[in-house]
Amino acid sequence: MDRGFGILTHIETSLSATPTQLAERFGVSPKTIAADIERLNAALSPNARVELAGDIYRLLVVDAGRFMDAREGLAARQGTFSDPSYRLAHILARLGRSDTPVAASELALEMSVGRTTVLSDISKLRELLGGYRVQVLGRTNSGFELAGPERGIRLAILDNALPGAYHSGDDWVGEAVQRAIGTRHLPVDLIETVKQWARVVVNRRELGHELEEVGAELDCDAAASMARDVAEQLVLSGRAGESQTESFSQAEILFLALPLAGRRTPLTLDELGALDSPDFAAELLGRVFERIRTEMGISISPEQLLGEFATHLAFMMNRMRYSLRVDAQTVPPQMRNAYPVAWQMAVIARDQILEETSLAMDESELALASTYFQIFLDEHTTRGRQHFRVAIVTSRGPAAARLIHSQLTRVLPPDTRYSITSENNVGDLGEFDLIVKTPGVKLASAVPTLELAEVFDLRELEHLLTRIPFRRPLRLHHRQGSMLLSLLDADRVVRLAPETPYLDQVTTLGNHLHRMGMVDREFLDGLLAREREATTRFSDLIGFPHAIVSAPAPVAALGLIPRSDKEPGLRAVLLLGVPDDDTLLIEAYDEVIRLAADRDLLNRISRLASYEQLFYLLNSREGK
């Protein structure tokens with residue numbers, strides 16, 4: 001995969017990444033990552049951009065539809081010979097499918113590249129195959145071929161040359177596998193994996209490369225039984241070549257069983273029942289938890305997921321025993337940074353398994369195991385955790401206390417328990433985690449106490465709460481991004497002339513939405529009637545015309561009015577149509593009020609030329 005596209009897909013799924021994390025993932029320097037992102041942004045512009053805010057890369061999508069078109073274009077290029085990884089896959093598959101050496105000139109012709117590029121790719125392929133104990137022998141003119149253990153060659157092909165570059169012609173192999181698996185409860189992706197393994201087995205045997213040795217017997221009888229059925233169906237098909245008219249060897253059957261026995265943990269009970277898990281896995285897991293108790297002093301008692309984790313452990317050990325790779329969907333450095341306790345538990349599990357079996361977990365396996373330990377931790381802490389409790393003590397009556405309460409709910413966890421009491425009826429406050437009192441209330445308590453007025457800065461409250469040493473961890477409930485920005489797009493941000501009267505500006509925006517089919521004439525009539533009755537100019541900087549719309553979701557349009565910083569007059573007009581729902585309107589008002597109070601921001605917004613610029617400006621300010 002092209003590194004730039006790999007960066008994009010990683011940020012899409014992880015939502016953000018630091019330069020260091022990306023450099024570690026792709027094995028290059030942060031400077032190289034920055035250059036890759038610059039090229040990526042050129043391909044995505046103006047519909048999206050990967051932006052570095054502070055020390056975090058984030059993907060900002062301006063136009064979702066056009067971004068997906070650009071993304072699909074990038075994805076399509078991954079399956080072409082302009083992608084170095086695709087060329088390596090093609091060369092490896094080509095060598096794996098040939099019974100004679102393949103000349104560099106042949107490869108160059110097939111991929112429409114120069115011989116120098118082919119030789120460079122061969123050099124990279126040699127380095128890649130070293131981990132499989134496989135070599136690329138030969139020279140430029142005489143041709144290249146694979147040499148080494150047959151199992152290593154097959155695994156190298158399966159890991160690096162499927163599915164894009166290793167084709168099978170007519171798919172009788174896939175049909176035979178489907179017949180063998182029958183109605184067993186297996187996920188589609190696992191069935192496809194078994195088909196890929198079978199195609200490689202058939203092709204290599206056709207070329208005379210029999211597998212003589214795989215390793216020890218599997219700890220998964222169901223997988224071995226299914227593999228025998230697959231081999232039998234391949235033979236019965238009568239199309240497997242002369243070398244396959246007899247039964248498959250035990251080594252070949254064992255090889256066909258590997259993807260079944262080394263799979264990821266099943267998602268459903270039906271799937272769990274299709275492949276068995278030996279008792280030793282649960283016993284080993286018990287010793288892992290005992291070692292965690294000894295080394296970390298953490299005593300967790302997993303219940304619901306214990307059987308699932310034991311099954312995962314059995315499959316993981318099969319993967320390690322036969323050098324099978326797990327898909328690195330979870331990036332180890334990120335898992336380590338996000339869940340350090342769970343990662344440490346996985347390390348202890350690795351050490352215990354290594355001592356007992358001599359099998360070593362790599363970092364991808366550690367990351368996967370960490371997900372289970374984090375779930376155990378979450379279940380453990382949730383089971384023993386009490387709700388965060390807040391006492392609001394007021395001398396100003398219930399209205400002030402309820403107003404403070406409503407603002408606290410925007411910051412504190414959703415399951416926080418609140419108690420409102422008057423100054424004259426305080427009682428014992430020792431059971432609370434936080435006391436919030438209104439100005440003038442006098443009380444002394446060892447419980448952390450804040451004094452807040454009816455109106456206070458929520459962001460500053462967040463910062464303050466993070467510095468208070470509460471007796472139990474507090475996870476703040478952070479506010480979400482701009483609702484209004486999410487309602488706009490490139491077609492609903494328009495420029496308005498500064499000299500145009502406000503009512504005409506409102507009419508222009510309303511007609512614009514009407515032409516787009518987003519509002520009807522009744523909405524426009526109601527909007528203008530409301531404006532004639534009472535102006536919706538919210539301040540001297542921004543107008544906020546709004547009315548009820550019959551659509552199921554809110555609609556909006558934004559007019560930008562270019563002015564110099566000191567010039568009087570409106571900078572923006574935000575027209576909003578909302579369903580008959582006060583909650584949405586209140587949320588919109590909250591955002592408009594905050595915007596109206598920021599004259600510098602409105603000055604900058606007024607001079608923007610497009611929605612794209614507005615999008616990047618507001619997102620770059622998020623969190624400030």
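One is the number of the first residue; the rest follow in order along the sequence.
Checked against side-chain contact (heavy atoms from CB on, under 4.5 Å), Arg49 has the following partners two or more places apart in sequence or in another chain: Asn41, Glu51, Tyr616.
You'll find the side chain of Glu12 stays beyond 4.5 Å of the side chain of Val61, heavy atoms only. In this structure, the side chains of Leu60 and Phe615 come closer than 4.5 Å at one or more pairs of heavy atoms. Contact annotation: the side chain of Ser606 never approaches that of Ile561 to less than 4.5 Å [non-hydrogen atoms, C-beta and beyond]. Looking at heavy atoms from C-beta onward, Phe432 lies out of side-chain contact with Val393 at the 4.5 angstrom threshold. Two residues are said to be in side-chain contact when any heavy atoms from C-beta on lie closer than 4.5 Å; Tyr57 and Ile33 meet this criterion. Side-chain contact between Asp55 and Thr20: absent, with no pair of heavy atoms (C-beta onward) separated by less than 4.5 Å. Contact check for Leu313 versus Val288: no side-chain heavy atoms found under the 4.5 Å cut-off. Ile392 has its side chain out of reach of Leu452: every pair of non-hydrogen atoms, C-beta onward, lies at least 4.5 Å apart.
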Would Phe456 and Val436 satisfy side chain to side chain contact (heavy atoms under 4.5 Å, CB included), going step by step from the backbone distance to the final call?
CA-CA 12 Å; Phe456 52 85; Val436 177; over 6 Å; no
Given the rule in the side chain to side chain contact (heavy atoms under 4.5 Å, CB included) test, do Arg604 and Leu608 qualify, once you have shown the distances and angles that lead to the verdict?
CA-CA 7 Å; Arg604 297 176 63 186; Leu608 299 179; 5.8 Å; no
Applying side chain to side chain contact (heavy atoms under 4.5 Å, CB included) to Asp63 and Glu612, what does each step give before you reach the verdict?
CA-CA 8 Å; Asp63 187 310; Glu612 289 86 352; 5.8 Å; no
Go through the steps to decide whether Val555 and Met516 satisfy the test side chain to side chain contact (heavy atoms under 4.5 Å, CB included), and finish with yes or no.
CA-CA 11 Å; Val555 296; Met516 296 177 65; over 6 Å; no
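How far CG of Leu429 is from OG1 of Thr449: 8.0 Å, rounded to the nearest 0.5 Å. Annotation: the span from Thr371 atom OG1 to Trp343 atom CH2 amounts to 11.0 Å, rounded to 0.5 Å. Atom CG of Leu509 is separated from atom CG of Leu496 by 5.0 Å, given to the nearest 0.5 angstrom. With values rounded to the nearest 0.5 angstrom, Ile435 atom CD1 is found 10.0 Å from Leu450 atom CG. Interatomic distance, Leu614 CG to Ile605 CD1, rounded to the nearest 0.5 Å: 5.5 Å. For the atom pair CG (Leu412) and CD (Gln407), the distance works out to 11.5 Å, reported to the nearest 0.5 Å.
His512 places a side-chain N or O within 3.5 Å of a backbone atom of Asp491 that can act as its donor or acceptor partner. Without hydrogens or angle criteria, Arg571 side chain to Gly569 main chain gives a donor-acceptor distance under 3.5 Å. Judged by distance alone, the side chain of Thr438 and the main-chain N or O of Ser395 form a donor-acceptor pair under 3.5 Å. A donor-acceptor contact shorter than 3.5 Å is absent between the side chain of Gln374 and the backbone of Ser370. At distances below 3.5 Å, at least one donor-acceptor pair connects side-chain atoms of Thr9 with backbone N or O atoms of Phe5. Between the side chain of Arg563 and the backbone N or O of Leu570 there is at least one donor-acceptor pair closer than 3.5 Å. At distances below 3.5 Å, at least one donor-acceptor pair connects side-chain atoms of Glu567 with backbone N or O atoms of Ser564. Judged purely by atom type and a 3.5 angstrom limit, Ser406 uses its side chain to pair as donor or acceptor with the backbone of Leu403. Using a distance-only test at 3.5 Å, with no hydrogens or angles considered, a donor-acceptor pair links the side chain of Asp433 to the main chain of Arg389. Put simply, the side chain of Gln21 gets close to the backbone of Thr18: a donor and an acceptor are under 3.5 Å apart.
By the 6.0 Å contact criterion, CD on Glu522 is open, its count of non-hydrogen atoms from other residues, nucleotides or ligands being 12 or less. Counting non-hydrogen atoms of neighbouring residues, nucleotides and ligands closer than 6.0 angstrom, the CZ atom of Arg417 reaches no more than 12 such neighbours.
In this structure, Gly4 and Leu40 approach most closely via the heavy-atom pair O-CD2, 3.6 Å. The heavy-atom pair separating Leu52 from Pro19 by the smallest distance is CD1-CG, 4.0 Å. The two residues Gly440 and Glu423 make their nearest non-hydrogen contact at O-OE2, 4.0 Å. The shortest non-hydrogen separation linking Leu576 to Phe523 is O-CZ, 4.1 Å. Minimum heavy-atom separation, Asp351 to Arg291: CB-NH2, 3.7 Å. In terms of heavy-atom proximity, Leu541 sits nearest to Ala596 at CD1-O, 3.9 Å.
Between the side chains of Gln505 and Thr500, no donor N or O sits under 3.5 Å from an acceptor N or O. For Thr409 and Tyr418, the side-chain atoms include no donor-acceptor pair closer than 3.5 Å.
Using a cutoff of 4.0 Å between basic side-chain nitrogens and carboxylate oxygens, Asp489 and Arg492 are scored as salt-bridged. Under a 4.0 Å N-O distance rule, the pair Arg607/Asp565 qualifies as a salt bridge.
Taking the six-membered ring for Trp and the full ring otherwise, His546 and Tyr589 have centroids separated by under 6.0 Å.
Remark: Arg537 is positioned above the aromatic ring of Tyr502, its terminal NZ or CZ atom under 6.0 angstrom from the ring centre and at most 45 degrees off the axis.
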